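I have placed the structure first, in the form of structure tokens, so that the comments after it can refer back to it.
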Amino acid sequence: MHWIAPSEKDTAAATLEKRLWDAADQFRANSGLKAQEYSGPILGLIFLRFAELRFTAQRDKLEKAGASSRRGSRVDEPAAYHAEGILYLSPEARFDYLLSLPEAANIGAKVNAAMRDIEKHNPQLAGVLPKTYNLFTSTLLKELLKKVSEIPASVDYDAFGRIYEYFLGEFARTEGQKGGEFYTPSSIVRLLTEVIEPFHGRILDPACGSGGMFVQSARFVAEHQKNPAAELAICGVEKTDETGRLCRLNLAVHGLEGDIRHGGNVNSYYDDPHTATGQFDFVLANPPFNVNAVDKERLKDMVGAGRRFPFGLPRTDNANYLWIQLFYSSLSAKGRAGFVMANSASDARASEQELRQQLIEANAVDVMVAVGPNMFYTVTLPCTLWFLDKGKAKSKRADTVLFIDARHIYRQVDRAHRDWPPAQIGFIANLVRLYRGEALDYTLGGDEAEAKIKEVFGKKPSYADVPGLCKAATLKEIEAQGWSLNPGRYVGVAPGEDVSDEDFKEQFEELNEELESLNAQARELEQTIAANVAGILGA
């Protein structure tokens, strides 16, 4: 199925974002610092602007309440703000105070002091806020404070969050590969959350980066008229200390708190700081792909039923099936997981195929979505979205897996980047709901998503396999394909559609990879036979 959505722009938001980004770019040009050195301080000031808007609104409420209360005003009590999930800001830690400082003042020192004061009054941010403002001249900081102050005070909570996410995304672009380690494009994450539907419960991301999975989960809850802070218990693990701090800052920007373990020697392969096995309702993640050199000796005691690696360790030097098992084993009896994975994991042979077979036979694999190239800022490669559902084993779809080919569903953002607009995300998510027999939900995507569902699945939509788009394959069909979870093997091509050069290249690469794998197995067999023959002849 081909659905290329037209490029759309929210002109007002785009203009504001561009103006702010131009200021940040000027900041970089005039400071001579690398992106990772100036991104933190800029995000810190955007965070402070947002924190002050929420603080001021709460302060106004408290002043009104104090005027009619016998106990007097609580405007200067941090607890009165914390109770509403709002950060308390003392007078010299407020954005407007810093904005009013003359250039002659040492603005860098004043901003550093403000950040320290915020951490003192809001313990959940201890050690999180940037304090390197002394690296910048007062002139530069004054200019940046002015630019950030242009974000209108009327900007709502969600819009401010979008500005913050926009900056994270732009920094990911400028930082190249390193940026990709902490930012997954929001349209990918939105589809993950729409499919696993995290309405209420404990949510884990063991490779949490800057926390985008948590923010989108909270957005999903808020869009369904519930309070995310009350509905979700957030737990994360992040190996890089700097990125872990960014995650906690991102949560705070969105009025959320979480138990984020980061830095030091915390590593999700070897460490389990949340005692995760069987404990989480939802797992969301975009782990690093194809990692090698994991010390499997340290994992041997974690193998077996009811442990972190229930199906065993892969013999190949590749961590993809370590991650997949961590996500699976962390789920409770009815838990759901959604994660991004390298395409190669869907078809990997030898020991990885054996592990994949066990996962499929456990009736946990629910949906597989093929994603085309250029959806990420830092890599052009296509990828696959995996969805697990432990509750599926007791449902009518226990013996089937839904495969979706979404490689030709996208919006071309610019020459090098693609995404999914809300209508396309809503369409794919509702395709999954049709398959599951769930009520359709057009909260995301609205009329356009509904029209597309009816166009493809009928005016009274019901699930059916659609060549070139989706196929519900049985376990027997999957076994016949060597336990492959590659959607392209099942979905096929729609009648009248040609195989594109892109598809041909991907199919050719898959066949070549399969040939190389078979050759490697043949060489192993040759060595085994030769060793056995030598043993017999030498006896």
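A quick note: this is a predicted structure, and the numbers were derived from the prediction, not measured. Side chains included, hydrogens not; waters and symmetry mates left out as well; all remaining heavy atoms used.
In this structure, the side chain of Gln424 engages the main chain of Tyr410 through a donor-acceptor pair within 3.5 Å. With Lys142 contributing its side chain and Leu101 its backbone, the two residues share a donor-acceptor pair below 3.5 Å. Judged by distance alone, with hydrogens and angles left aside, the side-chain atoms of Arg116 form no donor-acceptor pair with the main-chain N or O of Lys131 at under 3.5 Å. Proximity of a side-chain donor or acceptor of Glu238 to a complementary backbone N or O of Thr240 within less than 3.5 Å is detected. The closest donor-acceptor contact from the side chain of Thr277 to the backbone of Ser330 lies at 3.5 Å or more, if one exists at all. Counting only distance, with no hydrogens or angles, the side chain of Asn250 and the backbone of Leu246 share no donor-acceptor pair below 3.5 Å. Remark: side-chain polar atoms of Gln216 are not paired, donor with acceptor, to backbone N or O of Val189 under 3.5 angstrom. With hydrogens and angles disregarded, no donor-acceptor distance shorter than 3.5 Å links the side chain of Asn122 to the backbone of Gln124. Within the 3.5 Å criterion, the main-chain N or O of Gly127 finds a donor-acceptor partner in the side chain of Glu119. In this structure, Lys390 contributes its side chain and Tyr328 its backbone to a donor-acceptor pair below 3.5 Å.
Between Lys147 atom NZ and Leu45 atom CG the span is 14.5 Å, to the nearest 0.5 Å. Rounding to the nearest 0.5 Å gives a distance of 8.0 Å between CG of Leu191 and CD1 of Ile404. Residue Ser138 holds its OG atom at 5.5 Å from CG of Asn106, rounded to the nearest 0.5 Å. For the atom pair Leu192 CG and Ser186 OG, the distance stands at 11.5 Å (nearest 0.5 Å). One distance of note links CD of Gln58 with CG of Leu87; it measures 11.5 Å at 0.5 Å rounding. With values rounded to the nearest 0.5 angstrom, Asp205 atom CG is found 9.0 Å from Ser217 atom OG.
Between Arg436 and Asp366 there is a salt bridge, since a side-chain N of the basic residue sits under 4.0 Å from a carboxylate O of the acidic one. Salt bridge status for Arg245 with Asp241: present, with a side-chain N to carboxylate O gap under 4.0 Å. The pair Glu223-Arg190 meets the salt-bridge criterion, with a side-chain N (NZ, NE, NH1 or NH2) lying under 4.0 Å from an Asp/Glu carboxylate O. Look at Arg433 and Glu197 and you find a salt bridge, because one of the NZ, NE, NH1 or NH2 atoms lies within 4.0 Å of a carboxylate O, short of that distance. We find that Arg49 and Glu150 are not joined by a salt bridge, their nearest charged nitrogen and carboxylate oxygen being 4.0 Å or further apart. Classification of Arg74 and Asp76 as a salt-bridged pair fails, no side-chain N sitting under 4.0 Å from a carboxylate O.
Of the residues Phe387, Trp386, Phe339, the one that meets the ring pair (Phe, Tyr, Trp, His ring centres under 6.0 Å) test with Phe327 is Phe339.
Between His224 and Phe220, the ring planes are tilted. Angles from 30° to 60° get that label.
Closest approach of Pro185 to Met375, counting heavy atoms only: CG-O, 3.1 Å. Nearest heavy atom pair, residue Pro198 against residue Thr193, reads CD-O, 3.2 Å. When every heavy atom of Pro287 is checked against every heavy atom of Ala207, the shortest pair comes out as CA-CB, 4.1 Å. Pairing each heavy atom of Ala229 with each of Gly255, the nearest pair is CB-O, 4.4 Å. For Pro461 against Lys454, the heavy-atom pair with the smallest separation is CG-CG, 4.1 Å. Closest heavy-atom contact between Ala93 and Leu48: O-CD1, 3.4 Å.
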- Message: Between Thr243 and His262, is the side-chain contact (heavy atoms from CB on, under 4.5 Å) condition met? List the steps.
- Response: CA-CA 8 Å; Thr243 308; His262 58 91; over 6 Å; no
- For Glu63 and Arg59, run salt bridge (charged side-chain N to carboxylate O under 4.0 Å, His left out): C-alpha distance rounded to whole Å, both residues' side-chain angles, the deciding distance at 0.1 Å, then the answer. CA-CA 6 Å; Glu63 280 175 346; Arg59 187 178 176 85; 3.7 Å; yes
- Message: Please determine whether side-chain hydrogen bond (donor to acceptor under 3.5 Å, both in side chains) holds for the pair His254 and Arg219, giving the CA-CA distance in whole Å, both sets of side-chain angles, and the decisive distance to 0.1 Å.
- Response: CA-CA 9 Å; His254 291 86; Arg219 178 174 288 166; 4.9 Å; no
- Item | Verdict with supporting geometry, Ile234 and Glu257, side-chain contact (heavy atoms from CB on, under 4.5 Å) | CA-CA 7 Å; Ile234 290 168; Glu257 279 188 49; over 6 Å; no
- Query: Under the side-chain contact (heavy atoms from CB on, under 4.5 Å) criterion, do Leu402 and Val432 qualify, and how do the steps go?
  - Reply: CA-CA 8 Å; Leu402 175 64; Val432 174; 4.2 Å; yes
- Take Phe427 and Ile453 through the test side-chain contact (heavy atoms from CB on, under 4.5 Å) and record every step on the way to the result. CA-CA 6 Å; Phe427 169 76; Ile453 284 285; 3.6 Å; yes
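Side-chain contact between Val371 and Leu385: present, with at least one pair of heavy atoms (C-beta onward) separated by less than 4.5 Å. In this structure, the side chains of Pro228 and Leu256 come closer than 4.5 Å at one or more pairs of heavy atoms. Contact check for Arg411 versus Ile4: no side-chain heavy atoms found under the 4.5 Å cut-off. The side-chain heavy atoms of Tyr81 and Leu62, taken from C-beta on, include a pair separated by under 4.5 Å. Contact annotation: the side chain of Phe376 approaches that of Asn286 to within less than 4.5 Å [non-hydrogen atoms, C-beta and beyond]. Between Leu251 and Phe214 the shortest side-chain heavy-atom distance falls below 4.5 Å. Contact check for Thr139 versus Glu143: no side-chain heavy atoms found under the 4.5 Å cut-off. Proximity of Ser90 to His121: side-chain heavy atoms (C-beta onward) are separated by under 4.5 Å at one or more points.
A cation-pi arrangement, defined by a distance under 6.0 Å to the six-membered ring centre and an angle within 45 degrees of its axis, is absent between Lys226 and Phe199. A cation-pi contact, defined as under 6.0 Å to the ring centre and within 45° of the axis, links Arg202 to Phe280.
Other residues, nucleotides and ligands contribute at most 12 non-hydrogen atoms within 6.0 Å of the NZ atom of Lys239.
No hydrogens or angles considered: a donor-acceptor pair under 3.5 Å links the side chains of Asn112 and Asn134. A donor-acceptor pair shorter than 3.5 Å can be found between the side chains of Tyr269 and Trp323.
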